[in-house]
Amino acid sequence: MIVETEAYLGVEDRAAHTFGGRRTPRNESMYRDGGTAYVYAIYGLHFCLNVVAGAPDHPVAALVRALRPVEGLELMRAHRGVQRDTDLCSGPGKLCAAFGIDRALDGVDLVAGDSLWVETGPGGPDVAVGPRVGVDYAGEWAARPLRFAVRGDPNVSRPRPPGWAPG
DNA sequence: TTCATGATTGAC
DNA sequence: TCAATCATGAAA
C-alpha cells in the first residue's frame, strides 16, 4: 500500500528530471501517457519508481517514496536483507529493492497489470504535506509542499514531514 | 571520452 | 555527518 509520494511537476519544476524540457533516453517514459512507470537509477546504487501522471508530452509524475508491505514479506526480507517490516519499503530505493524493481521495468504500463501495476485503495484525508526530500538545490521549488505521507504510518521515510505525527 | 553530480541509504 | 558507487548527461 502506497503511503508516501512526491510530485514532480513537468518542465517548470527545477527539481524534476524534465526541468527545462530536457528529454533524454533516461527520462523518455516521463513523456508518455499517464499510468506509465518511470524507473531511474540514482547514486549508482538504487532505483526509484514513479507513476507518470500527465498526458503524453506533459511530463509530470509521482515518485513513490514508501509503502506499507502487505504481501510477500518473506521475499522482501530476502531482497532487502533486513527483518523489521518498517525497514522493508520505507524509502524510494528500499521499496524498489524489496520488489525487485529496476530499469527493466521502466516504461511498463502500470494500469494493464502485466508485470508491475498499481491498484486503487481506500485512501483518505489523513495525509501530511511537506517539502520534498533531497532537492535543496532546486531553489524556491525545494520549499514547495509536494510531499504527501499518510499520517502516523511507521513506513513513511525520514525525515518525517511536518504534521506526520498523529494528534 | 572525460567529468561532475545526484528525486539515497546505511554506518558511525 | 559522511562515504559508497556509477548511470546519466553535459561539456569537450
Side-chain angles (χ1 to χ4, degrees), chain A residues 1-32 34-54 57-69 73 75-108 110 116 118 127-150 153-164:
Chain A
M1 183 179 106
I2 297 172
V3 298
E4 181 186 353
T5 62
E6 283 179 357
Y8 285 85
L9 305 182
V11 303
E12 302 177 349
D13 183 353
R14 201 163 156 189
H17 291 166
T18 50
F19 175 63
R22 281 192 300 271
R23 189 163 183 157
T24 67
R26 174 178 67 160
N27 68 20
E28 181 59 32
S29 52
M30 281 278 290
Y31 290 83
R32 307 259 288 272
T36 300
Y38 170 44
V39 181
Y40 65 91
I42 186 158
Y43 297 117
L45 301 167
H46 312 288
F47 294 97
C48 292
L49 168 68
N50 292 256
V51 179
V52 175
D57 295 318
H58 187 66
V60 300
L63 168 67
V64 182
R65 284 196 60 88
L67 310 173
R68 180 165 82 75
L73 287 268
L75 184 55
M76 292 189 197
R77 290 189 193 99
H79 282 165
R80 291 272 299 121
V82 296
Q83 291 302 311
R84 292 179 53 205
D85 289 1
T86 53
D87 287 336
L88 260 23
C89 300
S90 55
K94 295 178 184 179
L95 68 90
C96 282
F99 275 62
I101 295 169
D102 61 21
R103 277 230 101 194
L105 291 174
D106 180 57
V108 303
L110 294 172
L116 176 67
V118 177
V127 170
V129 181
R132 294 173 293 183
V133 177
V135 297
D136 292 344
Y137 60 85
E140 66 175 299
W141 282 90
R144 297 276 298 271
L146 294 173
R147 180 188 183 192
F148 308 91
V150 174
D153 192 293
N155 297 283
V156 170
S157 68
R158 295 173 191 255
R160 264 70 186 255
W164 169 82

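Chain letters run A, B, ... following the sequence lines, proteins first and then strands; every chain starts at 1.
- Side-chain nitrogen and oxygen atoms of A:Y137 include at least one within less than 4.0 Å of the OP1 or OP2 phosphate oxygen of B:dA7.
- Using the Watson-Crick or G-U wobble rule with both distances under 3.5 Å, C:dT5 pairs with nothing in any strand shown.
- Look at A:Y43 and the base of B:dG6; the rings do not stack under the cut-offs of 5.5 Å between centres and 30° between planes.
- Nucleotide B:dG10 holds its C1' atom 13 Å from the CZ atom of A:R84, rounded to whole Å.
- Among B:dT8, C:dA10, C:dA7, the nucleotide with an atom closest to any side-chain atom of A:R65 is B:dT8.
- The interatomic distance linking A:D102 (CG) with C:dT8 (C1') rounds to 16 Å, in whole Å.
- Taking atom CZ on A:R22 and atom P on B:dT5, their separation rounds to 14 Å, with Å as the unit.
- Here the closest non-hydrogen pair linking A:Y38 and A:S29 is CD1-OG, 3.2 Å.
- With distances taken from any side-chain atom of A:R80 to the nucleotides C:dG9, B:dT8, B:dG10, the minimum falls on B:dG10.
- Comparing B:dT9, C:dG9, B:dA7 against the side chain of A:R26 picks out C:dG9 as the nearest.
- Considering only side-chain atoms of A:P25, the nucleotide from C:dG9, B:dG10, B:dA7 that sits closest is C:dG9.
- For the residue pair A:R84/A:T86, the side-chain donor-acceptor check at 3.5 Å is satisfied.
- Taking atom CD of A:E28 as the reference point, atom C1' of C:dG9 lies 15 Å away to the nearest angstrom.
- Across the interface with DNA chain C, nearest-nucleotide mapping of A:L45 and A:R103 shows A:L45 to be the residue nearer the 5′ end.
- Across the strands present, B:dA7 finds no partner; the criterion is a Watson-Crick or G-U wobble pair with both atom distances under 3.5 angstrom.
- Two residues are said to be in side-chain contact when any heavy atoms from C-beta on lie closer than 4.5 Å; A:W141 and A:R132 meet this criterion.
- A:Y40 contributes no side-chain N or O that forms a donor-acceptor pair with the base of C:dA7 under 3.5 Å.
- Heavy-atom minimum distance, A:C89 versus A:L95: CB-CB, 3.9 Å.
- As rounded to whole Å, 12 Å separates atom C1' of C:dT8 from atom CZ of A:F47.
- To the nearest 0.5 Å, atom CG of residue A:D106 and atom CG of residue A:L49 are 10.0 Å apart.
- Of the candidate nucleotides C:dA10, B:dG6, B:dA7, B:dA7 has the atom lying nearest to any side-chain atom of A:N50.
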